[in-house]
Colleague: 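Supplied in structure tokens, the structure appears directly below.
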Amino acid sequence: MALQAASLLPPAFSSITKEGKYNVSVKDSTLFGLSFSDHLKAHFTTSALTCKRGYSKEMGLVRAQQTMETTTPVVMKGTREGKKTLRKGSVIITGASSGLGLATAKSLAETGKWHIIMACRDFLKAERAAKSAGIAKENYTIMHLDLASLESVHQFVDNFRRSGRPLDVLVCNAAVYLPTANQPTFTAEGFELSVGTNHLGHFLLSRLLIEDLKNSDYPSKRLIIVGSITGNTNTLAGNVPPKAYKDSKVCNMLIMQEFHRRYHEETGITFASLYPGCIATTGLFREHIPLFRLLFPPFQRFITKGYVSEHEAGHRLAQVVSEPSLTKSGVYWSWNKNSSSFENRLSQEASDADKARKVWEISEKLVGLA
Ligand code: NDP
Ligand code: PMR
């Protein structure tokens, strides 16, 4: 069976054939903002992506002082004054070792109301980042996750479940951007790296962890996927090339809405995406030429006026994680000049329900869920 969906999808996927294994053919010259004429094929069997997973959910009782090992199944705990307070929320943030993810972890940790699971590919870097950001030890745990490997995603989910922690909010934040590459690079399973990491890795992670979110007894459970203005062609920024990263952001925003349609009513989980502003100083631009890295921040600060600091952007994402006023599901949040949040409109492509369903179905096949 061959699925030819190229005309309906962001050009991240070209064709998928299923004959015991998936043949992922990367062939469109505009596919990933890269030009390559030969078909690059990655073959993998579904069995290579599946392994037996034990699900351990040993939940402990609430302790007065939460530590890194504490598990907290009960939402409300009593205080001496007889008031009921909410237990610490438990949030996974992917790519929390720098930029927006780190700033969000810091912002949430400072409230004292959250335990942050920093899901990172480089453990030492994450540890150093958490320390230098001044995040108190009892407020975070680092767990290894390489989104460019589906096997690593499965292992992360296993490890997280073994930790016995509840999952109240999942933030899909990590991303790579490869603007200067003239050859494609690939994930462990052979997908183009930007789409594989930013979209497919997160898609599998979210699909697996939705079960854990469902089991949470926290009053507001949320799944947040970081989008961007640059994935929206109804904006000037959305009309600047290159493609692969932007395709992955379109997929992120489409998938958030598809999650909302499929799961919100049944589970009560809030699904949201956002554009936090242009955080022109983050590691996202590390692959860009030095001149770009020099000029991009002042360009955004003084010309487009779209610039925000990592601190401000982290505060914005932290609001989407925890603000009681931001519980509406299916929303793409943005902030105006006064830093007030508002429900933004996605471009036609990024809000196309038919396309979202197709991206969902194809992604399911690619990550071995269907
Ligand atoms: P950074 O590069 O600072 O952060 C990206 C994070 O993703 C890093 O922690 C990085 O890890 C991690 N990461 C990359 N690849 C993997 C992988 N394979 N597995 C696990 N983690 C990985 O960029 P930003 O903070 O700017 O980006 C964060 C999010 O914000 C992205 O989704 C981006 O699209 C979005 N965004 C950013 C904007 C901006 O202007 N910067 C604007 C709009 C949206 P490591 O530290 O190991 O490299
Ligand atoms: Mg863009 C008019 C407003 C605006 C905003 C808010 C952004 C955000 N950009 C704007 C305009 C422009 N940009 C204009 C007029 C240009 C010149 C043609 C321009 C160029 C440009 C480049 C080359 N912009 C870029 C790049 C990148 O490489 C960045 C990118 O697309 O990374 C994926 C980028 C961005 N501009 C933004 C934002 C937020 C980015 C970072 C994208 C992201 O993380 O999603």
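All ligand and atom numbering here is 1-based and tracks the order in the structure.
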Colleague: Taking non-hydrogen atoms only, is F285 closer than 4.0 angstrom to ligand 1 via side chain, backbone, both or neither?
Modeller: side chain
Colleague: Among all protein heavy atoms, pick the one closest to atom 41 (N) of ligand 1 and tell me residue, atom and distance.
Modeller: I279 O, 3.1 Å
Colleague: Please check whether A119 reaches ligand 1 - meaning an N/O of the residue sits under 3.5 Å from an N/O of the ligand, judged on distance alone.
Modeller: no
Colleague: Of all the heavy atoms in H288, does at least one lie under 4.0 Å from an atom in ligand 2?
Modeller: yes
Colleague: Considering P276, A313, G277 one by one, which has a heavy atom nearer to atom 42 (C) of ligand 1 than any of the others?
Modeller: G277
Colleague: Using a 4.0 Å heavy-atom cut-off, which part of V176 comes near ligand 1: side chain, backbone, both, or neither?
Modeller: side chain
Colleague: Is it the side chain (CB and beyond), the backbone, both or neither of L284 that lies under 4.0 Å from ligand 2, heavy atoms counted?
Modeller: side chain
Colleague: Any non-hydrogen atom of G227 lying under 4.0 Å from ligand 1?
Modeller: yes
Colleague: Under a 4.0 angstrom heavy-atom cut-off, which atoms of ligand 1 come close to G99?
Modeller: 3 (O), 25 (O)
Colleague: Nearest heavy atom to atom 43 (C) of ligand 1 wins, so pick from A148, S228, A103.
Modeller: S228
Colleague: Just to be sure I'm reading this right: ignoring hydrogens, which of V308, V226, N173 gets closest to atom 31 (C) of ligand 1? Compare them by their nearest heavy atoms.
Modeller: N173
Colleague: Can you list the ligand 1 atoms lying under 4.0 Å from a non-hydrogen atom of C278?
Modeller: 40 (O)
Colleague: Could you pull out, from K125, R286, M118, the option with a heavy atom nearest to atom 10 (C) of ligand 1?
Modeller: R286
Colleague: Any salt bridge linking E110 with K106? Criterion: basic side-chain nitrogen under 4.0 Å from a carboxylate oxygen.
Modeller: yes
Colleague: Looking at non-hydrogen atoms alone, which of E310, Q300, R121 comes nearest to atom 15 (N) of ligand 1?
Modeller: R121
Colleague: Nearest heavy atom to atom 34 (O) of ligand 1: which of F296, Y275, Y245 does it belong to?
Modeller: Y245
Colleague: Please confirm whether G283 comes within less than 3.5 Å of ligand 1 when only nitrogen or oxygen atoms on both sides are compared.
Modeller: yes
Colleague: Charged N to carboxylate O below 4.0 Å: is that the case for R87 and D168?
Modeller: yes
Colleague: When you measure from atom 42 (C) of ligand 2 to each heavy atom in L178, T180, T230, which option holds the nearest one?
Modeller: T230
Colleague: Please determine whether any non-hydrogen atom of T94 lies less than 4.0 Å from an atom of ligand 1.
Modeller: no
Colleague: With a 4.0 Å cut-off on heavy atoms, is K249 touching ligand 1?
Modeller: yes
Colleague: Check for me whether R301 meets the cation-pi criterion with Y307, that is, NZ or CZ under 6.0 Å from the six-membered ring centre and within 45 degrees of the ring axis.
Modeller: yes
Colleague: Would E258 and R357 pass as an ion pair if we require N to O under 4.0 Å?
Modeller: no
Colleague: Under 4.0 Å from any heavy atom of L145, which atoms of ligand 1 are there?
Modeller: 19 (N), 20 (C)
